[in-house]
Amino acid sequence: MQGKAILITGGAKRVGAAICRKLHAQGANLLVHYRSSLDAAQQLQNELNQKRPNSVELVQADLLDITLLPDLIEKVVKRFGKLDVLINNASSFFPTPLGSCTLEAWDDLVGSNLKAPLFLSQAVAPYLQQQAGCIVNIVDIHADRPLKNYVIYSSAKGGLVSLTKSLALELAPEIRVNGVSPGPILWPEDGALTNEAARQHIIDRTLLKRTGEPDDIAKTVQFLIADAPYITGQIIAVDGGRSINL
């Protein structure tokens, strides 16, 4: 991990920030993308740069506008002279019950969860190839177990699973591509699952009978980057066994 240049989308908050802290502690240099979370991004940057000066840069972009992606990639390569890893973490999440789906919601959810990872991966591939680098996509157990009333989100994450495997095929043998599929780690910020009984029901469906921590995801991402040279095209569920408990 020492000296690797890593681009992570949506890295300012929640699981993204945990991934940043973990990889930075292992010696990585980070370019942290954010869309609107400027304050959180700056706080994270200041925190990490105090530990290792000039090791974290920020870049703002709306990933739904793919015309901005070449500039984003140019900034990271110019700043660190290379790119070793892309982590597609940025994600929109909100309900779209059947009957209320709109084109705007489709563009947002599919755009952030599927379109942006594809076009970012395409843009960084030449740089990753030079470094024998890798891509890690943050998926969701709801790609395989759809969440009721989240039709578009669940479908977009399902597409991201397929994209992960397709990219592994397309970019081999130089670039490895894998995914991490979180289960109940952090409760949503959109107001969903505020009912304690609903949360407990989800916890009860995990084999380990508890929620996970953002660091559980971060550790798995670190493993896929640094300690998994013979793993590609795989999705690792970090969900306490939720995905196998029917």
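From a predicted model like this one, the values you see are computed outputs, not experimental measurements. Position 1 is the first residue of the sequence; numbering continues from there.
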*Is any side-chain heavy atom of Gln222 less than 4.5 Å from a side-chain heavy atom of Met1?*
yes

*Cluster check Phe223, Leu86: I/L/V/M/F/W/Y, side chain < 4.5 angstrom*: no

*asked:* Taking the side chain as everything from C-beta on, heavy atoms only, tell me whether Ser91 gets closer than 4.5 Å to Ile138.
replied: no

*Given Lys51 and His24, is the side-chain contact (heavy atoms from CB on, under 4.5 Å) satisfied, shown in steps?*
CA-CA 9 Å; Lys51 297 178 180 178; His24 185 268; 4.3 Å; yes

*Considering non-hydrogen atoms only, spot the tightest contact between Gly233 and Lys165 and give its length.*
O-CG, 3.7 Å

*asked:* Could you check whether any side-chain heavy atom of Ile141 comes within less than 4.5 Å of a side-chain heavy atom of Pro182, counting everything from C-beta outward?
replied: no

*Where the side chain of Asn178 meets the backbone of Ile235, is there a donor-acceptor pair that is under 3.5 Å apart?*
no

*Separation between NE2 of His142 and OG of Ser181, rounded to the nearest 0.5 Å*: 9.0 Å

_Thr220 (side chain) donor-acceptor with Asp216 (main chain) under 3.5 angstrom_ = yes

*Between Glu47 and Leu44, is a side-chain contact (heavy atoms from CB on, under 4.5 Å) present by the stated rule, with each step listed?*
CA-CA 5 Å; Glu47 171 194 332; Leu44 180 64; 4.2 Å; yes

*Is any side-chain heavy atom of Val124 closer than 4.5 Å to a side-chain heavy atom of Val76?*
no

*Report yes or no: does Glu174 contribute a side-chain atom to a donor-acceptor pair with the main-chain N or O of Ala132 at less than 3.5 Å?*
no

*Mind running side-chain contact (heavy atoms from CB on, under 4.5 Å) on Leu72 and Leu68 for me, showing each step along the way?*
CA-CA 7 Å; Leu72 188 154; Leu68 301 177; over 6 Å; no

_Let me confirm one number: the CG-NZ distance from Leu186 to Lys13, rounded to the nearest 0.5 Å._
11.0 Å

_Hydrophobic clustering (ILVMFWY, side-chain heavy atoms < 4.5 Å, transitive) - are Ile231 and Ile175 grouped together?_
no

*Of the non-hydrogen atoms in Ser121 and Pro117, which two are nearest, and what is the gap between them?*
OG-O, 2.6 Å

*Measure the shortest side-chain to side-chain distance between Ile185 and Pro214 over non-hydrogen atoms and say whether it is less than 4.5 angstrom.*
yes

*With Tyr153, which of Thr96, Asp140, Asn113 fulfils side chain to side chain donor-acceptor pair (under 3.5 Å)?*
Asp140

*Please report the closest heavy-atom contact between Ser92 and Asp108, naming both atoms and the distance.*
OG-OD1, 2.6 Å

*Okay, side chain of Asp84, backbone of Leu128: is any donor-acceptor separation there less than 3.5 Å?*
no

_Atom pair CG (Asp239) and CD1 (Ile202), whose distance is rounded to the nearest 0.5 Å_ = 12.0 Å

*Check whether any side-chain N or O of Arg176 sits under 3.5 Å from a backbone N or O of Ala228 as a donor-acceptor pair, and report yes or no.*
yes

_Pair Asp204-Gln200, side-chain donor/acceptor within less than 3.5 Å_ = yes

*Counting only N and O atoms by type, is there a donor-acceptor contact under 3.5 Å from the side chain of Asn46 to the main-chain atoms of Gln42?*
yes

*Val59, Leu63: one ILVMFWY side-chain cluster at the under-4.5 Å cut-off?*
yes

*Report, as yes or no, whether the 6.0 Å neighbourhood of atom NZ on Lys209 holds more than 12 heavy atoms from other residues, nucleotides or ligands.*
yes

*Could you give the distance from CG (Leu118) to OG1 (Thr164), rounded to the nearest 0.5 Å?*
11.0 Å

*With Ile8 as reference, evaluate Ile87, Asn88, Val136 under the side-chain contact (heavy atoms from CB on, under 4.5 Å) test and give the passing residue.*
Ile87

*If only atom types and distance count, is the side chain of Ser162 paired as donor or acceptor with the main-chain N or O of Gly159 below 3.5 Å?*
no

*Taking the side chain as every heavy atom from C-beta outward, state whether Leu38 and Gln60 have any pair of such atoms under 4.5 Å apart.*
no

*asked:* Is there a continuous path of hydrophobic side-chain contacts, each under 4.5 Å between heavy atoms, that joins Val56 to Leu83?
replied: no

_Show, in sequence, the C-alpha distance, side-chain angles and deciding distance for Leu224 and Gln234, and conclude whether the side-chain contact (heavy atoms from CB on, under 4.5 Å) test is met._
CA-CA 10 Å; Leu224 287 172; Gln234 304 304 307; over 6 Å; no

*Please report the shortest heavy-atom distance between Ala61 and His33, naming the atom on each side.*
O-NE2, 2.8 Å

*Quick one: which of Arg14, Lys22, Arg21 gives a salt bridge (charged side-chain N to carboxylate O under 4.0 Å, His left out) with Asp215?*
Lys22

*Is the backbone N or O of Asp144 less than 3.5 Å from a side-chain atom of Lys157, with the two atoms forming a donor-acceptor pair by type?*
no

*Single-linkage hydrophobic cluster Ile152~Phe93, side-chain heavy atoms < 4.5 angstrom*: yes

_So does Val139 get a backbone contact from the side chain of Asn137, meaning a donor-acceptor N/O pair under 3.5 Å?_
no

*asked:* For Ser112 versus Leu64, what's the shortest heavy-atom pair and its separation?
replied: N-CD2, 3.5 Å

*asked:* For Arg52 versus Ala28, what's the shortest heavy-atom pair and its separation?
replied: NH2-O, 2.9 Å

*If you measure from CD1 on Ile135 to CD1 on Ile225, what distance do you get to the nearest 0.5 Å?*
11.5 Å

_Can you confirm whether Lys115 is buried at NZ, in the sense that more than 12 heavy atoms of other residues, nucleotides or ligands lie under 6.0 Å from that atom?_
yes

*About how many Å separate CG of Leu114 and CZ of Phe119, when rounded to the nearest 0.5 Å?*
9.5 Å

*Do Thr9 side-chain atoms and Ala90 backbone N/O form a donor-acceptor pair below 3.5 Å?*
yes

